[in-house]
Student: 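My questions will all concern the structure given below.
Just so we're on the same page: letters track the sequence lines, and every chain starts at 1.
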Amino acid sequence: MEGRHLDALLRYRDALRSSASSCPVDPFFAFPAVLKSCAALSLPSAVAQLHARAVRSGCHSHPFVLTSLISTYARLSLPHLAAVLLPPASSSSSSTLTVCYNALISGFAVNGLHISALSLFRRMLRCGASFNSITMLGLLPCGPHLPLRPLSGCSALHACNVKAGTDVDPAVANCLITMYARCGAVDLARRVFDCANSAAAAAAAAAPPLPTGERDAHALVRWNSMVSAYAQNGLAAEALELYQEMVERAGVEPDAVTMVGVLSCCANLGAPAVAREVEQRISGDPSFSTNTFLLNALINMNARCGNLPRAQKLFDEMPHRTVVSWTAIISGYGIHGEGRKAAELFDKMLAAGVRPDGVVMVSVLAACSHAGLTEEGLRHFRRMEGAHGLAPGTEHYACVVDLLGRAGRLQEAQRVISSMPVAPDGAVWGALLGACKIHRDVETAELAFRNVVALEPGNVGYYVLMANIYSDAGRLDGAARVRVMMRRRGLRKEPGVSYVEHGGSVHTFFADDGSHPQAGEIHRLVGELEALVGGGGGAGRHSERLAVAFALMNSEPGEKLVVIKNLRVCEDCHMFLRRVSAVVGREITVRDATRFHHFAGGECSCNGYW
DNA sequence: TTAGGGTTAG
């Protein structure tokens, strides 16, 4: 790709040098394409030279040249330089003005200047320029970042589209799906998706089918947007279901983007068989094997599902590694308790000249924290600002509090919180609260709890944590008080769910679940196991027991059992699984919201928080 | 035959 742009630039240079009669390209007509190549190669000085040449030759105010310049500066993350080129409304045709504003709005939006993009849109309306669906495509990604409550901003933008009639544009509909997904409104995204699907079906029925692939391209992006919407909001089962529907019923051929979304779900759900199917599909297509996005998703999936050798092999063999590739492999080792290896990889990444970003810093700090590498973690944190030019965010402070807290340095952790240049969020106080649970410090826990519930009053986990801290300390009055507080606030603990993959689909179990087709046999087996290893007869039958029984019934001897639980595995179930593993001689892996438990022959290795 | 646009990874 880079070569193509470089060729274009060299050809243009040669064209300018040759005489006008033998000139192979018209320098003026080639201007927009050449500017695009400069933007793709990140050559702002070349753009400035071309800009100067355009001014000298007097063609800089030609609509195509002007709009190309505006768009190019915006793409080069120089939106303010682009903005000064905006022509006055009186001196341009209406369509040129629209194109200029469109390029600018999109330029501001992709550079994260969302409010400025919205201001430009207002200015566009004030000066009488007309907007179209392309304006909206630039503007909609700003929705989730507007200073209103995010959903209000999105609804306002959606309403604006409905009023103008731009919402029927298939590309706008796709953008609306993504906009709602980005602020967590998956149900609204789905409504737009369903409407757009119906509209596409109606259009297909009414009009003679177009031979072009354009409509298919819109359909593909639409399905991809919705699969990603589910995937990014943690609704992995829904995403996989939609993927099946896409391929089997809608007949839309998936591409690399679809696969990235699907793999991300497999990673979160621990569904290696579905992922293997995806991997097979990918390996058949040579264009997929060089797609960095896809390879990163594969590394992440293999690392998360516990196949670190496979993840490492993919990582070693990939032609081009980005900071995302490094993050996937580093966090993979971190999750599985290999903090030392994760820290070494981070050093290798720096040595390879890859600039760290905030996300990779979180994975290396978390890896150090889980592996007890307190000093090393602190060293990386201290180097963030000076050596890497990264201002630590609340997520990094939360890691540091966790790092110190786990090491029992609770007072230091508190000092870090009070010295933070940004206001601590729920995660920071939550990390302190978690550390208080480990080190049984009720007094500090009360301080952390007061702060965390003020910031996140609806997060049930923190109430449960505080109640358990009181219980551990024998302070039953305190535990009862927290539970009353939860009840008054109408908070209920999220129901526990366990997932097992079998036969290409994911099976879901709730506590006391009787809805599975094999429920009778499953409950019978759990009863037998409880009789055998103890730990039965509690208030209910936890979902992980049902899931493990199902997995035992439906797997080959010697096959490793993998269960995903959405909440923490309780102590009773932990003991139960350990004993079951010993009695039946099977390896059982349970990943829950906080830990990765691997049971083999009566031993359990809890490989750290993640 | 030249200007503005949608979906993807950690």
Student: For F64(A) and dA3(B), is the gap between ring centres under 5.5 Å while the planes differ by less than 30°?
Tutor: no
Student: Would you tell me if any nitrogen or oxygen in the side chain of T67(A) comes within less than 4.0 Å of OP1 or OP2 on dG4(B)?
Tutor: no
Student: To the nearest Å, give me how far apart CG (L157(A)) and C1' (dG5(B)) are.
Tutor: 16 Å
Student: Kindly state whether the ring of F346(A) and the ring of W326(A) have centres lying under 6.0 angstrom apart.
Tutor: no
Student: Mind running a 4.0 Å heavy-atom check of residues 116-136 of chain A against DNA chain B and sending the residues that fall below it, in number order?
Tutor: N132(A), I134(A)
Student: Give one of base, sugar-phosphate or nothing for R182(A), where a contact means two heavy atoms less than 4.0 Å apart.
Tutor: sugar-phosphate
Student: Which nucleotide wins on minimum distance to the side chain of N300(A), given the candidates dT8(B), dG10(B), dG4(B)?
Tutor: dG10(B)
Student: My understanding is that only residues two or more places apart in sequence, or in another chain, count here; which of them pass salt bridge (Lys or Arg N to Asp or Glu O under 4.0 Å) with E248(A)?
Tutor: none
Student: Suppose we call a contact any N or O donor and acceptor under 3.5 Å apart; does that hold for the side chain of D169(A) and the base of dG6(B)?
Tutor: no
Student: Would you confirm whether the ring centroid of H51(A) sits within less than 6.0 angstrom of the ring centroid of F31(A)?
Tutor: no
Student: Between dG10(B), dA3(B), dG4(B), which one does the side chain of P32(A) approach most closely?
Tutor: dA3(B)
Student: How many Å lie between CG on N291(A) and C1' on dT7(B), as a whole number?
Tutor: 13 Å
Student: Can a salt bridge be assigned to the pair R190(A) and D194(A) using a cut-off of 4.0 Å between side-chain N and carboxylate O?
Tutor: yes
Student: Rounded to whole Å, how long is the line connecting atom OH of Y243(A) with atom P of dT7(B)?
Tutor: 21 Å
Student: Heavy atoms from C-beta onward define the side chain here; which of dT8(B), dA9(B), dG6(B) lies closest to that of V257(A)?
Tutor: dT8(B)
